[in-house]
Amino acid sequence: MKVTVSSIPFDPWSMLEEYQQQLPSGQFGGSNIFVGTMRDFNVGDSVAEMTLEHYPGMTEKHLEKICLQAIDRWQLVGALIVHRVGLLLPDDPIVLVAAWSAHRKEAFEASRFMIEDLKHSAPFWKKEKTTGGIRWVESNTPS
Amino acid sequence: MKVTVSSIPFDPWSMLEEYQQQLPSGQFGGSNIFVGTMRDFNVGDSVAEMTLEHYPGMTEKHLEKICLQAIDRWQLVGALIVHRVGLLLPDDPIVLVAAWSAHRKEAFEASRFMIEDLKHSAPFWKKEKTTGGIRWVESNTPS
Amino acid sequence: MTITVKFFASLSEQLGKKEISLNAQDNLTLENVWSQATNNAVMPTKLLMAINMEYAQLTDPVNDGDEVAYFPPVTGG
Amino acid sequence: MTITVKFFASLSEQLGKKEISLNAQDNLTLENVWSQATNNAVMPTKLLMAINMEYAQLTDPVNDGDEVAYFPPVTGG
């Protein structure tokens, strides 16, 4: 498993490639990946930029716990989480979660669990700069 | 949407990158991706290589239908399917399905639908070379 | 009428043919075409079939110029 | 005892502080620490909190050397 909190833009595809290369050969039949990307709109407003704050230390610890839980529960071959912090622009990747397993059902369920737990519990906070001013995002969508 | 049946090995990450670049900027908040990879074991046996046969014409048509259905049902911003045919070795990617949408729920549901429909209905057939000889795979796992 | 008949995967190997061109009388169903194209071979229980690259049923009619295909359960992905 | 208290995001902005070091008496809960660290500010209804980077409850005890944090609902991903 690997967890990265990145203060600079990241490329999900090269991070997936790099991580997968270290996994044991021939063991995984499926991987499921979710990439969250910054849109240029939210709750009806146009969003020009976004700042993501986190709790250094606790955030990484929490993301590692999510990976360990997913690995244990779905017998994963590998798990990866990358999350961006700092100043983001539209189309920037925000988050990447990925799960490698023997079968597709486990890969789908594990990556869904990972993104849901991350959204509900990992200490990150979004502040948006919209045409109407700067505002903190108050809550995540339930699913 | 894009559908590719490839008789040579493909790199899922570069295909994702290339396809995503053409999508409308700022519109998608999430993408969900499933990559199926050849394992070196199946139903208890060690598998050295695999040959994938398809029905040229009908296969592409069916994969396009899957994309169109997913786009329509989940209001996707983009959909991609790549499937390998010919001679495969362990660790070779077999299939890639991906769905881009405004929200994560739709992206997950759409890509799950795409891989399930593909597994149950798209005209592909696997033949495995195991230590015990060559055999046609008789059926896919139900989910 | 003339129709093209294709067989795939294990079925193609069992029958020893991949594709044939069939000169047949009119008003045939997929079931009739199977019998003519295979010399009345026993039909596998899990046979799938298509007319012009769309899934079809045994009782569906086949028309002049159609491409017909028979194949075992699919195992892609 | 000495504890470190951190505030994040909108809460940090509202209180005008990010991190303070608190010299406090023993046997405090997270609720007591909030009062001392914020000069009895009204507690937001949806406040989250942690002790040593693990989620905790208002009634949980705080010990010497602990790092305590208060923050609003999370909005990552």
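Chain A is the first sequence line, chain B the second, and so forth, proteins listed ahead of strands; every chain is numbered from 1.
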Residue by residue, scan residues 39-62 of chain D and write down, ordered by number, those that have a heavy-atom distance under 4.5 Å to chain A; if none do, write 'none'.
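When heavy atoms of chain A are the reference, residues 39-62 of chain D contributes D:Ala50, D:Asn52, D:Met53, D:Glu54, D:Tyr55 within the under-4.5 Å range.
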Spatial distance of atom OG (D:Ser10) from atom NZ (A:Lys127) [nearest 0.5 Å]
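Spacing of OG (D:Ser10) from NZ (A:Lys127) equals 9.5 Å.
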How many angstroms lie between CD in D:Glu67 and OH in A:Tyr55, if you round to the nearest 0.5 Å?
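Reported value, rounded in 0.5 Å steps: 3.5 Å.
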Indicate the atoms forming the closest heavy-atom contact of [X] with [Y], along with that distance.
{"X": "A:Asn140", "Y": "D:Val74", "value": "ND2-O, 3.8 Å"}
{"X": "A:Val137", "Y": "D:Thr75", "value": "O-CG2, 3.3 Å"}
{"X": "A:Trp125", "Y": "D:Pro73", "value": "CD1-O, 3.3 Å"}

Non-hydrogen atoms of chain D under 4.5 Å away: do they reach the side chain of [X], the backbone, both or neither?
{"X": "A:Lys119", "value": "both"}
{"X": "A:Ser121", "value": "both"}
{"X": "A:His54", "value": "backbone"}

Does [atom1] in [X] sit with more than 12 non-hydrogen atoms of other residues, nucleotides or ligands closer than 6.0 Å?
{"X": "D:Glu19", "atom1": "CD", "value": "yes"}
{"X": "D:Lys18", "atom1": "NZ", "value": "no"}
{"X": "A:Lys61", "atom1": "NZ", "value": "yes"}
{"X": "D:Asp64", "atom1": "CG", "value": "yes"}

Keeping the roles fixed (side chain from A:His83, backbone from D:Gly77), state whether a donor-acceptor pair exists under 3.5 Å.
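Yes, because the side chain of A:His83 sits within donor-acceptor range (under 3.5 Å) of the backbone of D:Gly77.
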Flag the pair D:Phe71 / A:Glu53 as yes when at least one side-chain heavy-atom distance between them is below 4.5 Å, and no otherwise.
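Answer no - side chains too far apart.
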